[in-house]
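Read through the structure below, which is laid out as structure tokens, and then see the notes.
Naming convention: chains lettered A, B, ... in sequence-line order (proteins, then strands); numbering from 1 in each chain.
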Amino acid sequence: MSKLKKLGLIVLFIWPQIIFANPINVTLHYIGPTDGQVWAGVQQGLSEANLQGQFLGQNYQVKNITEEELAALPQSEITAVLVGTDAKHILEIAKMKKLAYVPVFNLSSDADGLRQACLSNLLNIPLSKQMKTDALAQWQAKNPDTLVTAHAWHHDFVKFAASQLNNRFTKNHKTQMDDDAWAGWAAVKMLSDTVARTQKTDAADMLNYLKNDLSFDGQKGDTATFRETGQLRQIVLLIDKDDNIVAEAPLRGVKGGLDSLGMVTCKK
Amino acid sequence: MKLKNILLTTLIMASTAVWAEPSHRVFVTNEKDNTVSVIDTKTNEVTNTINIGERPRGIGLSPDQKLLYVAISEEGAIAVVDLDTLKVVKKLDAGEDPETFDVAPNGNIYISNEDDAQASVIDPKTGKIIEVIPVGLEPEGVAVSPDGSLALVTSESTNMVHVIDTAKHKVVKNILVAARPRGLAFNSDGSLAYSTSEVGNEVTIIDTKSLSIIKQASIDLPNSKPMDIAVSPDDKTIYVTTGRGNSVVVLDAKTLEMKANVPVGKRVWGLGMTRDGSRLYTADGVSSTVSVVDTATNKTIKTIEVGKFPWGVVVDD
């Protein structure tokens, strides 16, 4: 067969057929309030996960459950658990025996204790208190006269395609994206990224990929990865009293890059 | 044989476009001052500045090289410039937030609508959007194959290269690549396509017959954020702008091994190449310059001041 004819046949018959032989269905479990920013962020992440899934043959859903319901769920039905409550409950859930190899996401607590616990299954998306303190110290060393606060996200953030994420969040939720909403979005988005790339939904495989191979685009700069403490490496936005973004930490010239912020390694 | 004839005609039509006499000019969109700078390639000086419209980004030429197309994102349009008079002769509706586009051999414009997760196809003769194709989030780079049969679109926030069959205007394959895919380019016969991943810092080679990835490699440079791509006329070398890496990297087109790293201006995105492959023109956004790179020596031979935040480049030489 001539090359051209072959090419023609391929165009006509093979390319138009996209068949998802085995669509992957993923159920994520969420514990926390369903009326706040964390939940709105989770919903935003979910809609984006399903938009991608539509092209790759994956369907995602998020089920809101209680801690008791989680405790009663068979391990085989749990892929990942998203938690938007306080530090005490997050730690309790992460320490549940059957979740030892299941990714448990902290979406809402800055408690340093959750990082110091160094649980192999707990993934902390928000900035820790220590990260914020370190970012503020970097700023104050150079600008002792201006007071700022440290945030993971800001509705005026534009760089690294942050504005596109801000736009679509506001469009869908009639409210502005903040730290909590970003955390909810990021967790679902990195989970769907993991499923898309590994084609696996086994919890232990997911956890392994998230901790070792993830190269996540959080729309705030360099790829985000997890420390051994389970903390997501990320830049910190510094906001002044007029609600303007004045800098991003790590500040230029500070040694250690992203790891100049917060606790990096676990005590051996 | 009918099919063969159609394909041959397409190939011939595609190749005739390449033979039109060039005007020895480079056109650069300046995102933040709403202009296009015109550079004479003989002197490498700016000869004209065209007031184009709000937030110009993507830029390209009609197949006969008589018209310049510029995506003016804030106006949701493509400005059409007559290249004899350098006047804007009309503005085509291009959907919401048009960013980049490519012109197919038959003249149709394939464009990404960044905020709408779709690609649009515009027939510039009628000025009508003839097709809207849903793609992933934040569609960005667009490239049409030399024979016009395929259009590729990257979606930055869903990390895919979408392959569109232009006969049906349907997505026929979605290829997952490294984080935040941006630029796209085909080699001369269209057998391979190259894509860059800005955040993942990778270049991917896609085989366009099997529509699968045959090679992925990261760029071994700190701060590299790969963006635009140009393929040398002999298909042996590819050139990639590195954004905040402030350089153009020269890669072996097969192995993706780095052969050279050429410093240019700051936050370099757009890239254009002369037909003979001897010169590159880069849009250095933060420096507000265009750098001219000599590919024989892999050196920047001239830096040209243009408007504010140059974004895209097209070369008619």
Side-chain angles (χ1 to χ4, degrees), chain A residues 1-20 44-45 47-58 159-168 170-171 185 189-190 192-199 214-225 257, chain B residues 1-8 10-11 97 99 114-117 134-138 140 147 149-150 155-168 170-182 189-191 197-202 208-211 218 222-223 225 244:
Chain A
M1 212 188 297
S2 78
K3 255 196 178 164
L4 274 175
K5 194 170 164 189
K6 242 188 203 165
L7 188 69
L9 284 174
I10 290 170
V11 171
L12 284 177
F13 298 112
I14 300 176
W15 284 340
Q17 300 177 19
I18 336 174
I19 299 158
F20 302 122
Q44 181 63 31
S47 79
E48 295 185 17
N50 278 320
L51 195 142
Q52 187 191 43
Q54 184 187 307
F55 292 104
L56 300 174
Q58 287 130 22
K159 274 164 73 175
F160 313 117
S163 62
Q164 278 82 359
L165 177 55
N166 272 322
N167 288 345
R168 55 184 191 262
T170 304
K171 202 169 166 186
W185 170 84
K189 194 91 185 213
M190 67 178 74
S192 63
D193 203 34
T194 302
V195 172
R197 292 184 190 284
T198 62
Q199 298 285 311
L214 183 75
S215 167
F216 176 67
D217 175 20
Q219 309 209 188
K220 52 185 279 191
D222 290 339
T223 50
T225 54
Chain B
M1 153 127 272
K2 236 186 184 175
L3 195 60
K4 198 168 165 179
N5 283 343
I6 293 169
L7 282 166
L8 275 174
T10 316
L11 284 172
D97 199 20
E99 185 166 359
E114 187 172 29
D115 277 354
D116 268 2
V135 292
L137 285 171
E138 295 174 40
E140 161 88 21
D147 68 359
S149 66
L150 295 179
S155 55
E156 292 176 90
S157 196
T158 34
N159 304 328
M160 286 186 280
V161 174
H162 304 276
V163 183
I164 295 165
D165 171 356
T166 56
K168 294 194 164 67
K170 287 235 153 53
V171 171
V172 292
K173 180 93 182 193
N174 302 286
I175 302 166
L176 204 59
V177 292
R180 198 150 280 271
R182 307 253 351 206
D189 68 0
S191 58
S197 290
E198 185 185 22
V199 168
N201 188 24
E202 282 192 7
T208 60
K209 282 184 196 76
S210 62
L211 297 181
S218 54
N223 305 322
K225 298 236 178 334
R244 298 271 170 184

B:Arg182 with B:Glu198: basic N within carboxylate O range, under 4.0 Å: yes
Given the options B:Asp115, B:Val177, B:Asn201, B:Val163, which has more heavy-atom pairs under 4.5 Å with chain A than any of the others? B:Val177
Bottom line for B:Ser155: the part with an atom under 4.5 Å from chain A's heavy atoms is neither
Does this structure show an ion pair linking A:Asp217 with B:Arg180, if we count only N-O contacts that are shorter than 4.0 Å? yes
By a 4.5 Å heavy-atom criterion (distance strictly below it), what part of B:Glu156 contacts chain A: side chain, backbone, both, or neither? backbone
Region of B:Asn223 in contact with chain A, defined by heavy-atom distances below 4.5 Å: neither
By salt bridge (Lys or Arg N to Asp or Glu O under 4.0 Å) - contacts of A:Glu48 (at least two apart): A:Arg168, A:Lys189
Indicate yes or no: at least one non-hydrogen side-chain atom of A:Leu214 is less than 4.5 angstrom from one of A:Thr194. yes
At a 4.5 Å cut-off on heavy atoms, which part of A:Asn167 comes close to chain B: side chain, backbone, both, or neither? side chain
With sequence neighbours left out, the residues meeting side chain to side chain donor-acceptor pair (under 3.5 Å) with A:Ser163 are none
Chain A interface, residue from B:Ser157, B:Gly200, B:Ala179 that has the most non-hydrogen pairs under 4.5 Å: B:Ser157
